Amino acid sequence: METVMEDEEEYSWREVKLPSLIPVVPEPELERETGERRRGRDIVIAVDHGPNSKHAFDWALIHFCRLADTIHLVHAVSSLQNGVVYEATQRLMENLAVEAFEIAMVRSVARIVEGDPGKVICKEAGKLKPAAVVMGTRGRSLIQSVLQGSVSEFCFHNCKSAPVIIVPGKDAGDESLI
């Protein structure tokens with residue numbers, strides 16, 4: 001676990017060791033591509049254990065990611081000391097990293113961060129300066145999200161370093177993209 005002092009506020013996170021099943025691939029030789037497309041982009045994808053998060057992950061792989069991009073999987077937890085939650089989240093991120101490589105051939109970096117989900121995602125985006133932040137939504141009504149609060153709504157209004165893409169839940173559209 002590493003702690004970073006940022007804006008006089010503690011910021012704890014743990015890097016997830018992704019499986020060695022994913023082969024190390026050299027940088028792509030894209031003859032016609034220049035600049036950003038050759039280097040790739042950083043894309044933050046906020047994930048949790050819910051189906052709408054998986055739907056947003058699938059959407060990002062199919063519609064947004066391209067060769068040479070790096071996706072940063074971010075999951076917020078209330079405590080890094082909870083071993084059960086950490087193990088379950090690590091397995092989830094390993095599976096998503098393998099799937100990202102198989103489907104879109106993108107590199108994955110995974111991080112479990114301690115704290116309030118909305119603030120954590122905005123901090124990660126501020127640190128990485130990604131091309132976009134992709135996240136799902138629970139599908140609450142407008143009144144429910146205003147009264148109870150919404151992580152995606154918080155990020156939409158407070159993430160200043162990158163555009164936030166909020167992917168509607170499965171109920172709003174396709175059943176499964178992949």
Side-chain angles (χ1 to χ4, degrees), residues 1-22 42-61 64-65 70-104 106-128 130 132-140 144-145 147-159 161-162 164-171 176-178:
M1 181 171 69
E2 198 169 312
T3 302
V4 178
M5 292 296 287
E6 200 172 275
D7 298 333
E8 298 177 25
E9 192 175 323
E10 280 195 18
Y11 181 59
S12 301
W13 57 273
R14 281 172 99 178
E15 200 77 34
V16 175
K17 302 289 186 236
L18 295 174
S20 58
L21 300 171
I22 303 172
D42 290 317
I43 300 166
V44 172
I45 302 177
V47 296
D48 62 15
H49 297 279
N52 291 335
S53 172
K54 176 68 168 94
H55 184 72
F57 173 80
D58 293 343
W59 182 92
L61 289 183
F64 197 72
C65 292
T70 301
I71 61 169
H72 297 267
L73 302 171
V74 177
H75 180 71
V77 295
S78 57
S79 173
L80 288 171
Q81 308 306 325
N82 188 338
V84 174
V85 171
Y86 181 78
E87 292 296 322
T89 302
Q90 183 167 355
R91 278 193 305 276
L92 169 73
M93 291 196 172
E94 287 173 356
N95 293 338
L96 293 177
V98 169
E99 186 176 331
F101 182 78
E102 290 174 351
I103 293 171
V106 294
R107 194 172 83 93
S108 300
V109 177
R111 182 174 284 181
I112 301 171
V113 189
E114 183 178 285
D116 180 50
K119 291 178 183 176
V120 161
I121 293 165
C122 290
K123 281 184 183 180
E124 284 293 310
K127 189 175 72 169
L128 293 169
V133 176
V134 179
M135 59 191 334
T137 181
R138 277 196 224 168
R140 291 179 176 169
Q144 286 176 323
S145 65
L147 293 175
Q148 296 175 338
S150 166
V151 174
S152 57
E153 187 125 348
F154 178 87
C155 291
F156 181 74
H157 292 293
N158 295 300
C159 187
S161 59
V164 177
I165 300 171
I166 301 172
V167 180
K170 287 183 182 182
D171 302 339
S176 179
L177 296 170
I178 298 177

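Owing to the predicted nature of the structure, the values given are computational and were not obtained by experimental measurement.
The NZ atom of K119 sits 9.5 Å away from the CG atom of N158 when rounded to the nearest 0.5 Å. Atoms SG and CD1, on C65 and I45 in that order, are 5.0 Å from each other to the nearest 0.5 Å. If you take NZ on K127 and NE2 on H72, they are separated by 9.5 Å, rounding to the nearest 0.5 Å. Here the CG-CD1 distance, from L96 to I71, works out to 7.5 Å after rounding to the nearest 0.5 Å.
Within 6.0 Å of atom CZ in F156, 12 or fewer heavy atoms from other residues, nucleotides or ligands are found, so the atom counts as exposed in its surroundings.
With sequence neighbours excluded, the residues forming a side-chain contact (heavy atoms from CB on, under 4.5 Å) with A46 are I121, M135, listed by chain and number. With sequence neighbours excluded, the residues forming a side-chain contact (heavy atoms from CB on, under 4.5 Å) with S161 are A125, K129, C159, listed by chain and number. Qualifying side-chain contact (heavy atoms from CB on, under 4.5 Å) partners for Y86, counting only residues two or more places apart in sequence or in other chains: R14, Q90, I112. For the side-chain contact (heavy atoms from CB on, under 4.5 Å) test, residues two or more places apart in sequence or in another chain that qualify with A76 are P117, V120. H157 is linked by a side-chain hydrogen bond (donor to acceptor under 3.5 Å, both in side chains) to nothing, counting only residues two or more places apart in sequence or in another chain.
Of all the heavy atoms in M93 and R111, the pair that sits closest is CE-O, 3.5 Å. When all heavy atoms of D48 and L92 are compared, the pair lying nearest together is O-CD2, 3.4 Å. When all heavy atoms of P168 and T137 are compared, the pair lying nearest together is CA-CG2, 3.8 Å. Heavy-atom minimum distance, A132 versus I165: CB-CD1, 3.9 Å. Taking each heavy atom of L73 and A97 in turn, the nearest pair found is CD1-N, 4.3 Å. G136 approaches A56 most closely through the heavy-atom pair N-CB, 3.5 Å.
The shortest side-chain heavy-atom distance between E124 and L128 falls under the 4.5 Å cut-off. Between V106 and L61 the shortest side-chain heavy-atom distance falls below 4.5 Å.
Classification of the H75-H49 ring pair by plane angle, with boundaries at 30° and 60°, yields perpendicular.
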